[in-house]
Visitor: 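Sending over a structure as structure tokens; questions will come in a sec.
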Amino acid sequence: MATGAEEEANRPFAGLSDVSISEDIPVEGDISVPVGPSARRGGDDEFSTLDEPVKETVLRDLRAVGKKFVHVLYPKRSSALLRDWDLWGPLLLCVTLALLLQGGAADSDYQGGPQFAEVFVIVWFGSIIITLNSKLLGGTISFFQSLCVLGYCILPLTAAMAVCRIVLVAGSGAVSFAVRLAVVTASFGWSTFASTAFLADSQPANRKALVVYPVFLFYFVIGWMVLTFSPSQ
Amino acid sequence: MASTNDPFQFQEFEEAGNLLEADRNATTITIEDDITLPEKQRQAAGFLSDRDEEDILASDDKTEVKERIIGSVLPWPGKNFIHLYLRRNPDLYGPFWICTTLVFAIAISGNISNFLVHLGKPNYKYTPEFQKVTIAATAIFSYAWFVPLALWGFLLWRNNKIMNLVSYSFMEIVCVYGYSLSIYIPAVVLWILPFEWLRWCTIVVALCLSGSVLVMTFWPAVREDHPKVIIGIMSAIVVLNVLLAVGCKTYFFSKPEKELQVDNPVAAEITKAPSTT
């Protein structure tokens, strides 16, 4: 009996044809698809989010975006931002920033502020080029993760833009300029610090500075656009 | 069993170092793939993985880039930038980011200098002049990519007629041009101050440094050629450099004495057209 079993085992792929799970080999596991509480509350099929109310879908994405905003505001080296990347947040921030930068210096036939498309191009092509740069330098972060990080870290500068517009409503003299300069500098530093906290970790040590400099330039240019916004009078 | 004259006998190549001492262009093969060898030697040995392919484009670290920038700012007679600093290892990081920084430096400094010049005038309204970034980008990137392309094509053509020991690849020429622009970044920042004499001084210094880096780099590649060709090439390199510098200064930085009016766009276009070739 034993030799017969050995012969069986020696033949290639032996024994696969009559595999069966016997009672004394316990099989355990969990095959449930993880869904949020909202789907269950809807009382629908637990494994498909297709039938849930649209509100629940939107809210789930918004909650993910909001959670990442919080991660940007308190940049710890957590991997949540990297693991579940999404590009909704960067899109939202880019559109908000571009809209807030409109309506300034409205002679608008020439020599004005950046157009809506220019802001878009700078933000998205800038992020893509920085991502390519860090990948060519041997980074371990993936393409979309890097885009996600760079996009989300525009949040402090967008907030600074909103603050600047409010300050400009109050007045546009030297005091307001000083306030705006301070706010923009602080948020530029915050953005750069937050994004390098995520990006620089994925690089070998001798190339960290090479990756950080383009990020610095990117947020510097966006900060410049925010600072030089001058309203039409 | 096989004699040394057997053509099918596997031959040992000389040590890479000995061959390279004699002639930089020698083909060398090093059999061992020692991962403790620095990146460059592994590339020369032909052991390239996917990661190494990427590294060719950005195969440097902080100290190398810094060394190359310093080398482009301090030219020394007899020191060829390509031979000394690139050593068959051109990178795209330096040229690309120096050009980008220069583009934004020109746009921002031009904007600040305009603001300072017109400060205090009653009917001056500050505008960010963001459209100038596009123009600066076109000018700088055309200079940094099309002029090396033309130069490389020309040198290739001359190499067919006159055997030259020294020949540069396209990447190396792009690299030299990119790094030679690095002196303009501090120069452009200095141009913010509205003093004409300061601007002309810095432009002359920057032109000398940048032009001499280029001239000393390309001198070995053309010195065996016909004298007219040598003069033609060298003067073309220098003249294009001058056109770029003076054109940028004229277009982006207005003179302090002028009143508030648009910089004459027609003159600027004529000045800048040759530099974009």
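Below, chain A is the first sequence line, B the second, and so on; all start at residue 1. Side-chain atoms are counted along with the backbone in the values below, which use heavy atoms only and exclude waters and symmetry mates.
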Visitor: Applying side chain to side chain donor-acceptor pair (under 3.5 Å), can you list everything that pairs with B/T202, at least two apart in sequence or on another chain?
Guide: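 B/T202 satisfies side chain to side chain donor-acceptor pair (under 3.5 Å) with B/W191 only.
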Visitor: Answer with side chain, backbone, both or neither: which region of B/T63 has an atom nearer than 4.5 Å to a non-hydrogen atom of chain A?
Guide: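 Nothing of B/T63, per the 4.5 Å heavy-atom cut-off to chain A.
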Visitor: Identify each donor-acceptor pair in which a side-chain atom of residues 104-113 of chain B lies under 3.5 Å from a protein atom, sequence neighbours left out, and give them as a table.
Guide:
residue, atom, partner, partner atom, Å
B/S109, OG, B/A105, O, 2.6
B/N111, OD1, B/Y126, OH, 2.5
B/N111, ND2, B/T127, O, 3.1
B/N111, ND2, B/P128, O, 3.2
B/N111, ND2, B/E129, OE1, 3.2
B/S113, OG, B/G110, O, 3.3

Visitor: In terms of heavy-atom proximity below 4.5 Å to chain A, should B/F96 be classed as side chain, backbone, both, or neither?
Guide: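 Interface part for B/F96: side chain.
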Visitor: Test side-chain contact (heavy atoms from CB on, under 4.5 Å) on A/I129 and B/W97; report intermediate values, then the result.
Guide: CA-CA 10 Å; A/I129 287 178; B/W97 287 109; 3.8 Å; yes
Visitor: Please state whether the side chain, the backbone, both or neither of A/L227 comes within less than 4.5 Å of a heavy atom of chain B.
Guide: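 For A/L227, there is no contact with chain B at all, as no heavy atom is under 4.5 Å.
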Visitor: Roughly how far apart are A/L132 CG and B/L92 CG, rounded to 0.5 Å?
Guide: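 Those atoms lie 12.0 Å apart.
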Visitor: Check whether more than 12 heavy atoms from other residues, nucleotides or ligands sit under 6.0 Å from atom CZ of A/F220, and answer yes or no.
Guide: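 12 or below, so no.
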Visitor: Answer whether the closest heavy-atom distance between the side chains of A/I122 and B/F130 falls below 4.5 Å.
Guide: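 Side-chain contact under 4.5 Å: yes.
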Visitor: Does atom CZ of A/F216 have more than 12 heavy-atom neighbours from other groups under 6.0 Å away?
Guide: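 12 or below, so no.
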Visitor: Can you tell me how far the CG atom of A/L137 sits from the OH atom of B/Y93, to the nearest 0.5 Å?
Guide: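 Answer rounded to 0.5 Å: 6.5 Å.
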